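Okay, so here's the structure we're looking at.
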Amino acid sequence: MSAPPVIRVRGLTKRYATVDAVRGVDLDVQAAEVLAVLGPNGAGKTTTIEILEGYRSRSGGEVSVLGEDPARPSRAWRARVGVVLQSTSLERRLTPREALGLFAGYYPDPRPVEEAIELAGLEDRADERIHRLSGGQQRRVDVALALVGRPDLIFLDEPTTGFDPSARRRAWETVARLRELGTTIVLTTHYLEEAEALADQIVVLAGGRVVAEGTPAALGGRDRGRSRISFSLPAGVTAPSGLGAVAAPEGYTVLEADQPLATLEGLAGWAREQDLDLLDLEVRRPTLEEVYLRLIGAQEHEEAGG
Amino acid sequence: MIALVARQLGADLRVFWREPASVGFTVALPVMFLVLFVSIFGNAETRVGGRVIDGATYYVPGILALSITSAAFLNLAINVVIARERGVLKRARSTPLPPWVFMAGRVGTAILVAVGLAVVVSVLGAVLYGVELPRATLPAALLTLVVGSAAFAALGLLVTAAIPSEDSAPPITNVIVLPLYFISGIFVPSEQLPTALVTVADVFPVKPLFDAMLAAFAPTGGSGFAWGDLAVLTAWGVGGALLAARVFAWTPRRE
């Protein structure tokens, strides 16, 4: 038997006064795994996460987080869970080092403050008052506070929203290092490349339900979907119709292939005969974004259709 | 646990001290009132409850009551609402920190700020206006200071539940205390107020705080303990704390 999952959710529902925010969600997260929860605004991501964090009650279903029901969080349980809320939540007049020292005192076995500073990449700004830090740096203080207690499980609710690309890369490095240290991580994000870079498993929520789950490579049948072969041709030349070519904008020809190798062989033979080099030839799998938008689009279509 | 409370208290004091607006508002206002009162109304002798005392000796306990209310009630409530709306309380709730330690830090900060402010106001009163500071009745003054600031801190925690946003915290708390200052004898001696207003003021906690402080500064004899007033303050504090424990909100109102 494998170890029990860190998070196990079955049939989770949450009903607010007039809306069903979560309508029957199942989740399993294994130890030292990174789960990314994707979905449009209003999909139920934050509601689900906050139920798992112990902030919100649920209307129905079973939830186990680190072997306990988060609806009745014990002190020992809180000591094992780190939380980064969706918006920055810091005492702005303290410095990162002071805030981390304060938080470290809350936990039975904290990380040394220096280590938390280093993990979050705050070495240069550790003694500056938090209100003088940039938004991205403040967000890193949020992350440092979540990991100073040496948690087994960390929730990151949109940790890099508003980051510039290089800051996002550094945040990813922090998450990757935490994962190497054996921390289980649940993150929500709007950035598909973030999910792709960090997640072992992805769950897509829409309308309060799981509409797809899987590894980043296989989500929504991405590993089996058609490949796109694209190239441009000189003026006046058209690809043979036998390959199923579809003209695309900006002078590109695009082929959609179930069996890319066979299609490429046909294309290569034809190009040789025509004495064409196809210098910009590109074979591409569907991106995570394309798969995601298709999944979300299907869900919205279903809801609109009733 | 004591170390935990001490660290929380230390951090809260530090945050208070680094917020120029709250320091200015809490410390400068009572000092300004003291100087203004004596300048406007003079230091002439006043009759209070059959005793004759000079003006400053009347005003200093009043300003002390105002200082305690300001430090413990307004300042605490405004800062707790700000922390709540910025998610600081919600975040703290996710840690193993017991909620009461968090509260103890805030209440302890309120008491220490009130004590510090009381020292400043008393010393200024003595140096500038020759107010005689309590000696035999010092224990009564200190007990009043601690009971009063603890009670107002509890009420400050309670009132946060009725404040919807950061912006509305200062007006709402001021609307509560300003009329009480007027009817409790702090701005205008109770002898000059309609008895109906004084009766109303007796129900609320500002007047018992002022009366107890006045009894310590201008004793009619004895040790200066105003047990009846202290009992009313304690009742307000305990009631406020019990109710606050039920209605206190840790998450931002906008959520």
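Protein chains get the first letters and strands the later ones, always in sequence-line order, with residue 1 at the start of each. Note that the coordinates shown come from a computational prediction; the quantities given were computed from them, not determined experimentally.
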Residue pair A:Glu91, B:Arg18: steps toward the salt bridge (Lys or Arg N to Asp or Glu O under 4.0 Å) verdict | CA-CA 11 Å; A:Glu91 196 64 85; B:Arg18 287 180 186 171; over 6 Å; no
Can you measure from CG (A:Leu102) to CD (B:Gln8) and round to the nearest 0.5 angstrom?
-> 5.0 Å
Output the option from A:Leu90, A:Val84, A:Leu94 having the highest count of non-hydrogen pairs under 4.5 Å with chain B.
-> A:Leu94
Is it true that atom CD1 of B:Ile40 has more than 12 heavy atoms of other residues, nucleotides or ligands lying nearer than 6.0 Å?
-> yes
Applying a strict 4.5 Å limit to non-hydrogen atoms, the region of A:Val81 in contact with chain B is backbone
In terms of heavy-atom proximity below 4.5 Å to chain B, should A:Ala146 be classed as side chain, backbone, both, or neither?
-> both
Is the number of heavy atoms from other residues, nucleotides or ligands within 6.0 Å of CZ (B:Phe182) greater than 12?
-> no
Which answer fits A:Arg80, side chain, backbone, both or neither, if we ask what part of it has an atom under 4.5 Å from a heavy atom of chain B?
-> neither
Sorted by number, residues from residues 35-66 of chain A in contact with chain B (heavy atoms, under 4.5 Å) = A:Glu50, A:Tyr55, A:Arg56
Residues from residues 86-117 of chain B approaching chain A under 4.5 Å (heavy atoms) = B:Arg86, B:Gly87, B:Val88, B:Lys90, B:Arg91, B:Arg93, B:Ser94, B:Thr95, B:Pro96, B:Leu97, B:Pro98, B:Arg106
Okay, side chain of A:Arg93, backbone of B:Glu19: is any donor-acceptor separation there less than 3.5 Å?
-> no
Interface moiety of A:Thr88 toward chain B, non-hydrogen atoms closer than 4.5 Å | backbone
